[in-house]
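Below: the structure, in structure tokens.
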Amino acid sequence: MVAQRANIEAQVVLDVHAVNCRGPNRMPLTQDLAVGVVAHAAWQSLQLPVDAVHVTVAASGAPPDESPSILTSDELADRFGPGPSGVVWPVSERSDERIWVLLPLAYFAAGVAMLLVVRRLQRAGVVVVLLRR
């Protein structure tokens, strides 16, 4: 079984590909049962939440089905219980642009604080000398 997180449009999706799924008796599983087993294993092993799980199952040596079985996080939670906690943030919404606003504000605040410290030291009689080359 190979699983990979992907971003499809505004959703975070876990793509899971499995080959040659067998039951406890070593007999090959039917397509529907294999999808359920693989989806359950993927859902229970997640560490970060996703919007959906896309499952593709193939028999040994056979090409996988053209279209994966798509299970939403709500369907998976109903069938297999709660998955990982947290909110899913698509990549387009996760990029933190606020840092580029906060950085100049932080530099400005540090500059003002340094000026206030220097003024207070001057009033106390401390001489501040800046050497420049």
Side-chain angles (χ1 to χ4, degrees):
M1 182 168 86
V2 177
Q4 180 179 5
R5 284 175 64 101
N7 296 303
I8 299 175
E9 295 175 6
Q11 289 192 333
V12 179
V13 174
L14 181 68
D15 278 325
V16 182
H17 302 280
V19 177
N20 200 18
C21 294
R22 296 186 179 271
N25 59 359
R26 307 297 298 158
M27 295 297 292
L29 297 175
T30 64
Q31 181 75 16
D32 292 336
L33 192 54
V35 167
V37 169
V38 170
H40 180 260
W43 183 247
Q44 294 301 319
S45 66
L46 283 173
Q47 294 179 4
L48 298 171
V50 296
D51 291 310
V53 174
H54 294 185
V55 179
T56 305
V57 177
S60 181
D65 287 343
E66 293 290 326
S67 60
S69 298
I70 300 171
L71 301 158
T72 65
S73 58
D74 292 335
E75 292 173 324
L76 291 164
D78 289 344
R79 285 178 68 179
F80 307 121
S85 61
V87 178
V88 180
W89 296 101
V91 171
S92 61
E93 295 176 16
R94 267 188 270 162
S95 63
D96 200 359
E97 300 290 333
R98 292 177 296 179
I99 193 164
W100 301 113
V101 173
L102 294 177
L103 255 160
L105 290 175
Y107 285 134
F108 179 75
V112 169
M114 287 182 354
L115 286 174
L116 291 175
V117 167
V118 168
R119 291 192 119 209
R120 181 161 285 170
L121 289 174
Q122 279 181 336
R123 286 187 185 153
V126 177
V127 176
V128 178
V129 178
L130 295 175
L131 299 176
R132 187 171 173 195
R133 199 161 138 108

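These numbers come from a predicted model, not from an experiment.
Among all heavy-atom pairs drawn from Val16 and Ala42, the shortest one is CG2-CB, 3.9 Å. Nearest approach of Ser73 to Val50, heavy atoms of both residues: CB-O, 3.4 Å. In plain terms, the two heavy atoms of Ile70 and Glu75 that are nearest each other are O-OE1, 3.8 Å. Shortest non-hydrogen contact noted between Arg79 and Gly36 is NH2-CA, 3.8 Å. The nearest pair of heavy atoms linking Phe80 to His40 is CD2-CD2, 3.0 Å.
Annotation: the span from Thr72 atom OG1 to Asp78 atom CG amounts to 8.0 Å, rounded to 0.5 Å.
Proximity of Val37 to Cys21: side-chain heavy atoms (C-beta onward) are nowhere separated by under 4.5 Å.
With Asp51 contributing its side chain and Val12 its backbone, the two residues share a donor-acceptor pair below 3.5 Å.
Through chains of ILVMFWY side-chain contacts below 4.5 Å, Phe108 is grouped with Val112, Leu116.
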